[in-house]
Asks: 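Please read through the structure below; I'll follow up with questions.
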Amino acid sequence: MCPRTITNYMEVKKKYEMEFEVNSSPSLLYQYLSTSSGLSDWFADNVNSRGEFFTFEWDDTKETARLASKKHEEKVKFVWVDENKKDTPYFFEMRIVVDEITQDVSLLVFDFAYESEIPEAKQLWENQIHDLKKVIGSA
């Protein structure tokens, strides 16, 4: 085991937040955040759901998360689960925010990463949100 791996094993992931302007209705945007077909269009190569559990596939990687909470046209929160489908301390949440005055729509993203990997994780989200905007015609 290399020292980097040992450090990461003991290191706790840190929560970070990002905000993206999205030219979309909250209703349309919510469909792409809350359904397996919508998430497959931009978030992962493939997404399957069975009940409250969603399996996300990227290349040769599969991760499972539980849809922990959702509020129509406002937010979705997925908690990553272990191989026994037990919740881990880590989640990602996406919130749709509409400015009361301008009616501009923003997407807030909350996620976790090791401190040294946060810049790379943020870049990944930027790329994924760019894909989302293309899919919904907001790019």
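Just so we're clear, the structure is a prediction, and the values are computed from it rather than from any experiment.
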Asks: Compute whether any side-chain donor of one residue and acceptor of the other, for D99 and Q103, lie under 3.5 angstrom apart.
Replies: no
Asks: Do the ring centers of F43 and F54 come within less than 6.0 Å of each other?
Replies: no
Asks: Any side-chain heavy atom of V105 within less than 4.5 Å of one from S24?
Replies: no
Asks: Can a salt bridge be assigned to the pair E17 and K15 using a cut-off of 4.0 Å between side-chain N and carboxylate O?
Replies: no
Asks: Rounded at 0.5 Å granularity, tell me how far CG in N23 sits from NZ in K133.
Replies: 9.0 Å
Asks: In Å, rounded to the nearest 0.5 Å, how long is the span from OH of Y90 to CG of D111?
Replies: 11.5 Å
Asks: Please answer: with hydrophobic residues joined when any side-chain heavy atoms are less than 4.5 Å apart, are L33 and F53 in the same cluster?
Replies: no
Asks: Do L107 and I96 touch side chain to side chain, with heavy atoms closer than 4.5 Å?
Replies: yes
Asks: Search all heavy atoms of S138 against all heavy atoms of V22 and return the closest pair with its distance.
Replies: OG-C, 3.8 Å
Asks: To check you understand the geometry: which heavy-atom pair defines the closest contact between S40 and N46, and what is its length?
Replies: OG-C, 3.7 Å
Asks: Can the ring centroids of F110 and W125 be said to lie less than 6.0 angstrom from one another?
Replies: no
Asks: Once you round to the nearest 0.5 Å, how far does NZ of K13 lie from CD1 of I118?
Replies: 11.0 Å
Asks: Hey, mind stepping through Y32 and L39 against side-chain contact (heavy atoms from CB on, under 4.5 Å) and telling me if it holds?
Replies: CA-CA 6 Å; Y32 283 95; L39 289 162; over 6 Å; no
Asks: Return yes when atom CD of Q123 has more than 12 non-hydrogen atoms of other residues, nucleotides or ligands closer than 6.0 Å, and no otherwise.
Replies: yes
Asks: Donor-acceptor pairs under 3.5 Å, side chain of residues 73-83 to any protein atom, not counting sequence neighbours: which ones?
Replies:
unit_1: D82; atom_1: OD1; unit_2: N84; atom_2: N; d: 2.9
unit_1: D82; atom_1: OD1; unit_2: K85; atom_2: N; d: 3.2
unit_1: D82; atom_1: OD1; unit_2: K86; atom_2: N; d: 2.9

Asks: Please tabulate, for side-chain N and O atoms in residues 60-71, each donor-acceptor pair with protein atoms closer than 3.5 Å (sequence neighbours left out).
Replies:
unit_1: R66; atom_1: NE; unit_2: D87; atom_2: OD1; d: 3.0
unit_1: R66; atom_1: NH2; unit_2: D87; atom_2: OD2; d: 2.6

Asks: Do I129 and V135 sit in one hydrophobic cluster, given that two such residues count as connected whenever their side-chain heavy atoms are within less than 4.5 Å of each other, even indirectly?
Replies: yes
Asks: Within the structure provided, determine whether M94 and F92 are in side-chain contact (heavy-atom separation under 4.5 Å).
Replies: yes
Asks: Report yes if some heavy atom in the side chain of Y30 is under 4.5 Å from a heavy atom in the side chain of H72; otherwise report no.
Replies: yes
Asks: Can E21 and S106 be counted as having a side-chain donor-acceptor contact under 3.5 angstrom?
Replies: no
Asks: Does some side-chain heavy atom of E57 sit less than 4.5 Å from a side-chain heavy atom of N48?
Replies: yes
Asks: What are the two closest heavy atoms between W42 and Q128, and how far apart are they?
Replies: CE3-O, 3.3 Å
Asks: Does I136 belong to the same Ile/Leu/Val/Met/Phe/Trp/Tyr cluster as M18, with side-chain heavy atoms less than 4.5 Å apart forming each link?
Replies: yes
